[in-house]
Amino acid sequence: MARLRRLAGSAAALPPGVLAAEAGWRIMRTGSRTLADRWERTAGARPLLPETWQPFLLGDIDTRPKVAPSPLELEECLSEADTALHGKFTVLGYGPLAVTTRGEGWHQDPVHGFTWPARHHRCLGPVPGRADIKVPWEVGRLQWLTALARAHAHTGDPRYRDGGLELLRSWAEANPVGSGPNWANAMEAGIRAANLVWSAEIFGDPEFTALAGGILRDHGWFILANLEYTPRLTSNHYLADLVGLVHAGGALRHNHAGRLWLRLGSRQLQREVLKQFHADGSNFEASTGYHRLSTELALMGLLAMRRLGIPVRPEVRERLLSAVEVLSALTKPDGLIPALGDDDSGLVVGLQSGRNPRDPSPILAAAAAISIPGPCKEATGPEMAQWCGARADHTGARAAATSFPAAGWYVLTAGPYWCLTECGGVGQRGNGGHGHNDTLSFVLCVDGREMVTDPGTGVYTPDPDLRNLLRATRSHSTVEVDGEEQNRFDPSLLFTMRNDDGALVADHHEDGSGRQAVEAVHHGYRRLGDPVVHRRRFVLDRQGLTVSDSIDCRARHTLVVSLPLAPGVRAEPRDGGTLLCADDKRVSLSQIAGPELSFSVEEMPWSPAYGRVDTTHVLRATLRVDGPVTWTLRFRQADGAQA
């Protein structure tokens, strides 16, 4: 009854048009699920019926790209394939994990020692303890299967083909459609479908293709019945659903069901690219990690459409290329993107082994394939780009922008300094599912070395306390007021956040000398008894970065200023300020205006990848004020540091 009251309350708050769309969608979904449930009920008694398809991603043997990975890429591919044959799979930041590759071993989280039962996906219920369902999900995406196919293509060794067949049969038998954790949502089935198609086409083996085709048929029906769509909000999950439908429908387009999936998937995918990526190319999730994941999903989906001869609307293609430009602009001098907001380290198709999810270079290179109608025999670049048929002399790239107002991301760079400022909202149109309380925060690199960092994500459901700590205001390079969050969140709701801050950029300009400035304000603390407004101004030129804060208030407040330091950065007192040292790099941090901020050095968690948590240091100062206050900090390469 309480649930019904909540639903009624939510419905009453919706505009009439959205409410009507929601009702229509729920009726259609009920019908789809009824048909799919009938299919699933016969799955236990139905053998894995073979079904083949006509290849479409790579063309025939005479036109498919001749992929020649570098020696390092080949070594990483063979290593991933060999470990998969022995039941070890690389899982996000957890690293290589040993999995029992039979029965319910495919449902296991070996990190936390929990195995999900083989129940219907809508009856699994809550997970006791701190198990991480993303572990079996990652293994179940079958990216390792695509690695086995690549290893076979590179070496001709039949072990990889035979091992791939055996592992896929074992996985399918342990995971009948709709049963167990690997069917908990359509996103997992969508990414798995893409890997099934790519692995089958790379293997080019009739027996494997027939087996994968039968499994793919179940995936298409399941995705259709469980699309993660609502007229109120769609996200990267729905994007992955559609990419799965395009791949499954393209592979099985010889039958009516396949053509249905392909038609729906290709139309909705183009709609979602325009919906989920802003006009400037930035993604609406308020997360650099999910911008990268969504860009990769869109790329693989649109590439499949082009290989099938399905027209991609010009504005959709341009929006994807703009998203690729954003990735390029967000890349730090060390080649990685910073971790603003959530980053679950997820990848899409296993076309390159050993990829760091924060390294966008394979996606940047592969995006060139969107401009090529069919497979290119002269493909070059990273292995992923070669499989996609990209050419180094045909990238379709435009000049990289450095400001993305729709997301609130501003990249400032001059001389040895590189800075990304975060001046946007919580994302997801106010839902805040993957946003952090990082408004007016920044990441700073000096001479190629990251100095001020973002703490990353850690994990989601296995450790709610850590999850909430790493998305909290105090964990980011910004200002906390009275121990409150910029944007409120319920600690028990790990994927929602109130849209309190109303962040606005008041000024962004560059003068003729290369001096760049961004000024932004947020109102997340106006809800306090004495309203507080935080304004921050960044100015960067070849002499360094200055960060000026202004706190507008009328009564007593406690302010906490945090500066998380990248791992390996040491903070030492020096000449009334602080010297930041890392390797042979030295940066002077000094205060040039305002009441003294007395920084102390504390430890805090820092996560380079989902599932991996290390520690780093944070500079933290507490200031008690009774009215308006301003201060200015300056970061400058120290005398004697390497230029």
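- Of the N and O atoms on the side chains of Ser353 and Glu80, at least one donor lies less than 3.5 Å from an acceptor on the other residue.
- Contact record, Ala184 with Ile133: CB-CD1, 4.3 Å, taken as the closest heavy-atom pair.
- The two residues Ala369 and Leu303 have their closest heavy-atom pair at CB-CD1, 3.9 Å.
- Note that OG1 of Thr146 is 11.0 Å distant from CD of Glu201, once rounded to the nearest 0.5 Å.
- Expressed to the nearest 0.5 Å, how far CG of Asn236 lies from CG of Asp344 amounts to 7.5 Å.
- Among all heavy-atom pairs drawn from Gly140 and Asn182, the shortest one is CA-OD1, 3.8 Å.
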Determine whether Arg467 and Asp342 satisfy the following criterion, salt bridge (charged side-chain N to carboxylate O under 4.0 Å, His left out), listing intermediate values before the conclusion. CA-CA 10 Å; Arg467 161 70 170 157; Asp342 279 346; 2.5 Å; yes
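- Summarising the geometry, atom CZ belonging to Arg620 is positioned 3.5 Å from atom OG belonging to Ser562; distances are rounded to the nearest 0.5 Å.
- In this structure, Arg612 pairs ionically with Asp614, as a charged nitrogen and a carboxylate oxygen lie closer than 4.0 Å.
- Atom CZ of Arg429 has more than 12 neighbouring heavy atoms from other residues, nucleotides or ligands inside a 6.0 Å radius.
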Please lay out, stage by stage, how Glu138 and Arg141 fare under the test salt bridge (charged side-chain N to carboxylate O under 4.0 Å, His left out). CA-CA 5 Å; Glu138 185 70 12; Arg141 289 180 174 183; 3.8 Å; yes
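- Of the possible polar contacts, none joining the Gln143 side chain to the Gly350 backbone as a donor-acceptor pair under 3.5 Å is found.
- Classification of Arg192 and Glu188 as a salt-bridged pair fails, no side-chain N sitting under 4.0 Å from a carboxylate O.
- The distance from the CG atom of Leu168 to the OG1 atom of Thr101 is 12.0 Å, given to the nearest 0.5 Å.
- A donor-acceptor pair is defined here as one N or O able to donate and one able to accept, closer than 3.5 Å; such a pair exists between the side chain of Thr331 and the backbone of Leu327.
- A tilted orientation is assigned to the rings of His219 and Trp183, their planes being inclined by 30° to 60°.
- By the 4.5 Å heavy-atom criterion applied to side chains, Trp116 and Pro136 are counted as neighbours.
- Using a cut-off of 4.0 Å between Lys/Arg side-chain N and Asp/Glu carboxylate O, Glu383 and Arg150 are scored as salt-bridged.
- For the residue pair His278 and Asn283, no side-chain donor N or O sits within less than 3.5 Å of a side-chain acceptor on the partner.
- Relative ring orientation between Phe495 and Tyr460 is described as perpendicular, the plane-to-plane angle rising above 60° on a 0-90° scale split at 30° and 60°.
- With respect to Asp334 and Arg449, no salt bridge is recorded, no charged nitrogen being found less than 4.0 Å from a carboxylate O.
- Formation of a donor-acceptor pair under 3.5 Å by the Gln276 side chain with backbone atoms of Phe284 is not found in this model.
- Of the N and O atoms on the side chains of Ser170 and Trp106, at least one donor lies less than 3.5 Å from an acceptor on the other residue.
- Taking 4.0 Å as the cut-off between side-chain N and carboxylate O, Glu272 and Lys275 count as a salt-bridged pair.
- Here Glu480 contributes atom CD and Ser475 contributes atom OG; the two are 9.5 Å apart, rounded to the nearest 0.5 Å.
- Glu450 places no side-chain N or O within 3.5 Å of a backbone atom of Ala566 that could act as its donor or acceptor partner.
- Under a 3.5 Å cut-off, the side chain of Ser282 and the backbone N or O of Ala406 do not form any donor-acceptor pair.
- Counting only heavy atoms from C-beta outward, the side chains of Asn226 and Asn185 never approach each other to under 4.5 Å.
- Using a 4.5 Å heavy-atom cutoff, the side chains of His617 and Glu603 are in contact.
- When each of Phe442, Tyr417, Tyr410 is paired with Phe538, the ring pair (Phe, Tyr, Trp, His ring centres under 6.0 Å) condition holds for Phe442 and for no other.
- Considering only heavy atoms from C-beta on, Arg471 stays 4.5 Å or farther from Thr457 through its side chain.
- The CG atom of Asp438 sits 10.0 Å away from the SG atom of Cys423 when rounded to the nearest 0.5 Å.
- Here the side chain of His291 pairs a donor or acceptor atom with the backbone of Ala323 at under 3.5 angstrom.
- No side-chain heavy atom of Trp606 sits less than 4.5 Å from a side-chain heavy atom of Val613.
- Checking side-chain atoms of Asn437 against main-chain N and O of Glu485 turns up no donor-acceptor pair under 3.5 Å.
- Listed for the Asn487 side chain is no donor-acceptor partner under 3.5 Å among the backbone atoms of His436.
- A salt bridge links Glu296 to Arg355: at least one charged side-chain nitrogen sits closer than 4.0 Å to a carboxylate oxygen.
- Of the possible donor and acceptor atoms, none in the side chain of Arg488 sits under 3.5 Å from a partner among the backbone N and O of Met497.
- Not a single donor-acceptor pair under 3.5 Å links the side chain of Ser79 to the backbone N or O of Glu75.
- Ion pairing between a basic and an acidic side chain is recognised when a charged N comes within 4.0 Å of a carboxylate O; Asp359 and Arg292 show no such pairing.
- Nearest heavy-atom pair across Ala365 and Pro382 is CB-CD, 3.5 Å.
- Using a 30° and 60° split on the angle between ring planes, Tyr94 and His112 fall in the perpendicular class, above 60°.
- Using a 3.5 Å distance cut-off with no hydrogens or angles, the side chains of His107 and Asn175 do pair a donor with an acceptor.
- Across Leu619 and Ala571, no two heavy atoms sit closer than the pair CD2-CB, 3.8 Å.
- Residues meeting the side chain to side chain donor-acceptor pair (under 3.5 Å) test with Asn499, sequence neighbours left out: none.
- When every heavy atom of Trp387 is checked against every heavy atom of Leu351, the shortest pair comes out as CD1-O, 3.6 Å.
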